[in-house]
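A, B, ... follow the sequence lines: proteins, then strands. Residue 1 opens every chain. Bear in mind the structure is a predicted one, so any value in this text is a computation, not a measurement.
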Amino acid sequence: MKHLLYLKELNQRTILKLLAKAETFLSTNNFPPPQDKNLQGITLANLFLEPSTRTRSSFQIAAKRLGADVLNIDEQHSSRTKGETIIDTIRTLEAMGVNYFVVRHKERGILSKIVANVDLGSHVINGGESVDSHPTQGLLDLLTIKKHKKGFDQIKVAIVGDIKHSRVARSLAEGLATMAVKTLTLIAPEEFKPDMKFYPNAEHCKNLDQGLVNADVVVALRVQRERIESLTETMSPDHYFEKYGLTMKRLEPCNDDVIVMHPGPMNRGVEISDEVADGANSVIREQITNGIAIRMALLSMMQAEVMK
Amino acid sequence: MKHLLYLKELNQRTILKLLAKAETFLSTNNFPPPQDKNLQGITLANLFLEPSTRTRSSFQIAAKRLGADVLNIDEQHSSRTKGETIIDTIRTLEAMGVNYFVVRHKERGILSKIVANVDLGSHVINGGESVDSHPTQGLLDLLTIKKHKKGFDQIKVAIVGDIKHSRVARSLAEGLATMAVKTLTLIAPEEFKPDMKFYPNAEHCKNLDQGLVNADVVVALRVQRERIESLTETMSPDHYFEKYGLTMKRLEPCNDDVIVMHPGPMNRGVEISDEVADGANSVIREQITNGIAIRMALLSMMQAEVMK
Amino acid sequence: MKHLLYLKELNQRTILKLLAKAETFLSTNNFPPPQDKNLQGITLANLFLEPSTRTRSSFQIAAKRLGADVLNIDEQHSSRTKGETIIDTIRTLEAMGVNYFVVRHKERGILSKIVANVDLGSHVINGGESVDSHPTQGLLDLLTIKKHKKGFDQIKVAIVGDIKHSRVARSLAEGLATMAVKTLTLIAPEEFKPDMKFYPNAEHCKNLDQGLVNADVVVALRVQRERIESLTETMSPDHYFEKYGLTMKRLEPCNDDVIVMHPGPMNRGVEISDEVADGANSVIREQITNGIAIRMALLSMMQAEVMK
């Protein structure tokens, strides 16, 4: 595990090791004892070419907690405004002594191109690529589920919303497949239904109430207003909320101990109501804390392999 | 003192404690001895939703000097461009382990809303809200006055400029009221005169020469060019300077040992001349150094209460 | 050497000391032993008023490796959007305890103005001024040449491209003059030929093949597309590449062990081909590593003088 590009590349054993390592970090509130801070003297660069607070800050905090220095490269400030390719930017940072690169980029396949061009000593982590992949989000979602449910092979997970354009859904589905989830239901209007070849073990359902029956985990996805309006001429965020918005009432078909997740940032009143977002079933804030832990686990395990 | 929202909420005893603590930091050039760096392992987030160099950098330096890590969240880069509320952004950062939030925001009352929604372990500090409040600026101004004058109850303070739109003036006035200042004179054209209910112990004066008679402290405020031009059709920055600009000559009615303050950034030649800004009576640079000290004092005292 | 404004101000002895110090840093991969981290407790501010990844990150990493804290001031975020002068911004940061200022600015002569206005304890470093000077780039270029060639007085250096608008070329030429380079050839179309009074020991040559004869070092400069198009109505980046682009074939007139340099960011296919940029003669990535080392050497030597 030198790089992390796509969640489907990790086998069950590696995922379980990552989740276990993350849980040891959680046990000390994500403040590791000094001997576990194994990124001292290491520099990590955050190259986010799409806006991000959450993921970028999460990697920054995770890296610092392990002793690393962090360099944030803004799109605006970067040489890329002068026409440099992302690969040349990374090669430049490598020559400065940067060892870890977290990259968010809208271009499909760019992460693979980057990995093909970096130094032997470099580590590349996908911080979100196109609408296809966001593996550390998938991992933190798995960690959150694991902490609340007995076993992946006994649960039903329902993902609700704009699955077609969601790298979050895709990476989570890859992880759930590896973990042999019992049932994965994708709840979305026809227009938001993804190419099901990327979701071989999942079923699609247009109706929210039907899709949520006996769900153990519900994942609400952020829906962009522009995409809602493009659905039909008459579709508005309010209409969308009526059909696909999660409310306490709509959660009734789920199992009693259902947990509700959301990758954030939330559009309250569009895909989720305040009462669900802030309610007893919500584990949304826990996901964020788990995000720090899983990123620390990832960085720490990558670096431990270097040390061997 | 878990949060700092408005200066009027602090009583005289608390203000004096803060000023005394700040003076101990000043005595070591704002480099505290290791045992006083009580923010080790703490993360502070700077959430400045309006541009700022001074206050943001000041909090960053103050927090780092006490051992904290600092996370700067830019408006441009933030999830807020994706429609997230400031409260959700802060809740997210809390879940990442951030403990202190410095917030600058143009919306009136937003700081109170934030405080009503944060975790028990969080600290919220007003870094400038609307045109209403900027309490750490008020505190650093009090510290600067205290270092130069015998007692607040023996001095006359004059604030000159666009009082109506100045959160600096308002917070300073609140602090001076608590410290029982002898006289507070607000010098401004009618259009820049504030609602005097916010300045119960102050007097308003349109004429600069009259207002400055026997002043011990003169505070010049930054005046926005757009606001000057909106005053009257014929008003220009040059005309404004003639009527309200501080020059050495205009300072003659003041007491001999008058000190001149300015919150920065200065519009030289508009509200203040070079000779005053850089002259013997100016304590403008000292204010900035005092700003680091007072912010260190604030953070350090907040954290000391947590430790108890 | 309190400040570094222009490379021509350094004599041969000082340059040699800087290069030697940089080589000691390179010998430990730019990670100095603890006793050489002599910027502990020091704060350096990067004030880049033109976009930059490379130089800004390089100073940031160099300063941190020596133990300093770094404050990055963005143009967008800064008080300068409120009309403050760069000198007032620096004076403000000085009052906050910042000791080192790296400034990139498009205004000719601004660095000298800044130096005339700062505190006795401040250090100002030119991070790129106008089209005139970029001394730390010049120094890293000298270091790169020194590591590959026997002596400056035995080599021919050819600089290719838009010399007229290049602060990189100008600073390198100043350094090469001080180091008594044998031959300096400037290869550029008439429109990109600089005022030769700034290059007293250099010769100008319009033809690439002629100019490269027996070159030991070739420096390709970044050419802005807008400038190419302004050359003649029919000139395109492709035409430019045909006439002045470096390819393996065009390098044939050079000496066998020629090294190829480029300050970055590269426009591949405009001033340089992929095969040259990534080929055996290229030392472009080494330049970047040398850039960290030379900036560490500069900061470390400036601070060592303070300590004396």
- request: Taking the side chain as every heavy atom from C-beta outward, state whether A:S57 and B:I73 have any pair of such atoms under 4.5 Å apart.
  value: yes
- prompt: Near B:K8 NZ, under 6.0 Å, is it more than 12 heavy atoms from other residues, nucleotides or ligands?
  reply: no
- line: The interface call for B:D119 against chain A, heavy-atom contacts under 4.5 Å, is side chain
task: Could you check B:D69 against A:I61 for side-chain contact (heavy atoms from CB on, under 4.5 Å), going step by step and ending with a plain yes or no?
output: CA-CA 9 Å; B:D69 278 324; A:I61 290 172; over 6 Å; no
field: Separation of B:D88 CG from A:D278 CG (nearest 0.5 Å)
entry: 7.5 Å
Spacing of CZ belonging to B:R91 relative to CD1 belonging to A:I284, to within rounding of 0.5 Å: 11.0 Å
task: Compare all side-chain heavy atoms of A:R65 with those of B:T43 and state whether any distance is below 4.5 angstrom.
output: yes
query: Does A:K64 NZ have over 12 foreign heavy atoms under 6.0 Å away?
result: yes
query: Which one of A:Q60, A:R54, A:R285 satisfies the side chain to side chain contact (heavy atoms under 4.5 Å, CB included) criterion with B:M96?
result: A:R54
query: Are more than 12 heavy atoms from other residues, nucleotides or ligands located less than 6.0 Å from atom NZ of B:K2?
result: yes
- prompt: Which pair of heavy atoms, one from B:A95 and one from A:T289, lies closest together, and at what distance?
  reply: O-OG1, 2.6 Å
